[in-house]
Amino acid sequence: MNTPPRELPAHISSQNVRARTHSAAVGAFTFWFATRRWEWSTGVYLMHGYAPGEVEPTTELILSHKHPEDRDHVAELITRSVERGEPFSGRHRFLDTSGRVHSALVVADRILDDGAPTGTTGYYIDLTGTLDAAGHAAVSTALPEVVEARAVIEQAKGVLMLMYGIDADQAFEVLTWRSQETNTKLRAIATQLLADLSLVPRPHTQTVTAFDHILLTTHERIPPEEGPPHP
């Protein structure tokens with residue numbers, strides 16, 4: 001049976017994450033399909049504005065925190081998770097107890113028992129604040145492979161940006177989180193992610209066709225430059 005994610009290890013505690021970014025970060029969760037029971041780590045409580053254990057996380061409580069424009073979408077994700085045994089994954093906004101809006105990326109997998117899905121477990125990544133200049137410098141100092149393997153890391157960032165609809169800084173934050181969470185070099189994470197793309201199902205034909213059209217007509221949408229064209 002799959003093992004639910006553990007609490008944040010000491011080297012990426014909530015305090016450390018806050019020091020690295022403008023927002024609080026990462027927290028683990030588990031959702032059991034049969035009982036509709038949610039479990040939150042300290043990180044998820046904190047990003048919602050609660051002290052750990054202050055409230056019982058329920059579907060009703062979770063939906064009450066979602067941004068009004070995203071609430072129906074998240075409700076559909078939860079329903080689909082239960083009905084189809086799928087992971088609760090995606091990107092949405094939620095409000096903490098003070099009313100501050102957070103942008104969250106939820107990365108999750110299924111919990112299997114003898115091959116049957118019994119729940120979903122994963123992480124909330126608070127993308128409200130991205131790495132600042134000091135954060136980038138600290139990561140670059142601690143992880144020199146960021147500079148040495150910039151090309152592969154940039155490619156991996158591009159994959160995350162496309163898959164999750166996030167920006168470059170947020171994609172870098174996700175890669176850095178996985179590097180620190182697993183105590184694996186950032187370059188190795190990026191390299192393996194690119195190698196594993198062959199495991200992802202090919203996009204639908206209509207998606208490829210739409211992209212072909214965009215590629216072949218991109219030049220038609222480039223705004224004209226001021227002044228004479230360069231030779």
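Only a predicted model underlies this, so the values are computations on that prediction, with no experimental measurement involved. What you see below is based on every heavy atom in this structure, not just the backbone, and it leaves out hydrogens, waters and symmetry mates.
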A.B. asks: Answer yes or no: is there a side-chain heavy-atom contact under 4.5 Å between Thr128 and Arg100?
C.D. replies: yes
A.B. asks: Do the side chains of Leu193 and Ile166 join up, straight or via other hydrophobic residues, at under 4.5 Å, putting them in one cluster?
C.D. replies: yes
A.B. asks: Measuring from Arg93:CZ to Leu127:CG, what's the distance to the nearest 0.5 Å?
C.D. replies: 13.0 Å
A.B. asks: Assess the residue pair Tyr50 and His65 against the criterion (ring pair (Phe, Tyr, Trp, His ring centres under 6.0 Å)); give the C-alpha distance rounded to whole Å, side-chain angles, the decisive distance to 0.1 Å, and a yes or no.
C.D. replies: CA-CA 12 Å; Tyr50 296 109; His65 276 278; 5.4 Å; yes
A.B. asks: Side chain of Thr184, backbone of Ser179: donor and acceptor closer than 3.5 Å?
C.D. replies: no
A.B. asks: Kindly give the heavy-atom pair with the smallest separation between Ala190 and Ala156, and that separation in Å.
C.D. replies: CB-CB, 3.7 Å
A.B. asks: Kindly compute the distance separating CG (Leu186) from CH2 (Trp177), expressed to the nearest 0.5 Å.
C.D. replies: 13.5 Å
A.B. asks: Search all heavy atoms of His67 against all heavy atoms of Leu95 and return the closest pair with its distance.
C.D. replies: CA-CD1, 3.7 Å
A.B. asks: Go through Phe94 and Val74 one step at a time and tell me if the side-chain contact (heavy atoms from CB on, under 4.5 Å) criterion holds.
C.D. replies: CA-CA 10 Å; Phe94 68 88; Val74 175; over 6 Å; no
A.B. asks: Out of curiosity, Leu160 CG to Asp167 CG, how far, rounded to the nearest 0.5 Å?
C.D. replies: 11.5 Å
A.B. asks: May I ask you to decide if the ring planes of Phe88 and His92 are parallel, tilted or perpendicular, using 30° and 60° as cut-offs?
C.D. replies: tilted
A.B. asks: State, with a plain yes or no, whether a side-chain heavy atom of Phe31 is found less than 4.5 Å away from one of Val82.
C.D. replies: yes
A.B. asks: Can you confirm whether Leu77 sits close enough to His73 that some side-chain heavy atom of one is under 4.5 Å from a side-chain heavy atom of the other?
C.D. replies: yes
A.B. asks: Is there a side-chain contact between Tyr124 and His102 in this structure, where contact means two heavy atoms from C-beta onward sitting under 4.5 Å apart?
C.D. replies: no
A.B. asks: May I ask you to test the Leu194-Leu197 pair for a side-chain heavy-atom distance under 4.5 Å?
C.D. replies: yes
A.B. asks: Quick check: does any side chain N or O of Thr218 sit under 3.5 Å from a backbone N or O of Ile214, one acting as donor and the other as acceptor?
C.D. replies: yes
A.B. asks: Measure the CD-CD distance between Glu76 and Glu83 for me, rounded to the nearest 0.5 Å.
C.D. replies: 10.5 Å
A.B. asks: Does the Arg178 side chain pair with the main chain of Ile189, one donor and one acceptor, at a distance under 3.5 Å?
C.D. replies: no
A.B. asks: Between Arg221 and Thr217, is any side-chain donor less than 3.5 angstrom from a side-chain acceptor?
C.D. replies: yes
A.B. asks: Could you check whether any side-chain heavy atom of Asp96 comes within less than 4.5 Å of a side-chain heavy atom of Met47, counting everything from C-beta outward?
C.D. replies: no
A.B. asks: Establish whether Val208 and Met163 are linked, either directly or via other cluster members, by ILVMFWY side-chain heavy-atom contacts under 4.5 Å.
C.D. replies: no
A.B. asks: Please report, to 0.1 Å, the donor-acceptor pairs under 3.5 Å made by any side chain of residues 51-63, with sequence neighbours excluded.
C.D. replies:
from  : atom 1 : to    : atom 2 : distance (Å)
Glu54 : OE1    : Ala51 : N      : 2.8
Thr58 : OG1    : Leu61 : N      : 3.1
Thr59 : OG1    : Trp38 : NE1    : 2.9

A.B. asks: Let me see the working for Tyr164 and Gln170 under side-chain contact (heavy atoms from CB on, under 4.5 Å), right down to the final yes or no.
C.D. replies: CA-CA 10 Å; Tyr164 294 137; Gln170 293 169 340; over 6 Å; no
A.B. asks: Please tell me whether Val159 and Phe211 are part of a single hydrophobic cluster in this structure, the criterion being side-chain heavy atoms less than 4.5 Å apart.
C.D. replies: no
A.B. asks: Output yes when a side-chain donor or acceptor of Arg71 lies under 3.5 Å from a complementary backbone atom of Lys66, and no otherwise.
C.D. replies: yes
A.B. asks: Could you work out, with side-chain hydrogen bond (donor to acceptor under 3.5 Å, both in side chains) as the rule, every residue matching Ser198, not counting sequence neighbours?
C.D. replies: none
A.B. asks: Quick one: does Thr121's side chain have a donor or acceptor within less than 3.5 Å of a partner on Arg110's backbone?
C.D. replies: no
A.B. asks: For the backbone of Ala108 and the side chain of Ser89, can you confirm whether one donor and one acceptor N or O come within less than 3.5 Å of each other?
C.D. replies: yes
A.B. asks: Work out which heavy atom in Asp126 is nearest to a heavy atom in Glu173; give both atom names and the distance.
C.D. replies: O-OE2, 3.9 Å
A.B. asks: Please tell me if the side chains of Val174 and Val107 come closer than 4.5 Å, counting only heavy atoms from C-beta onward.
C.D. replies: no
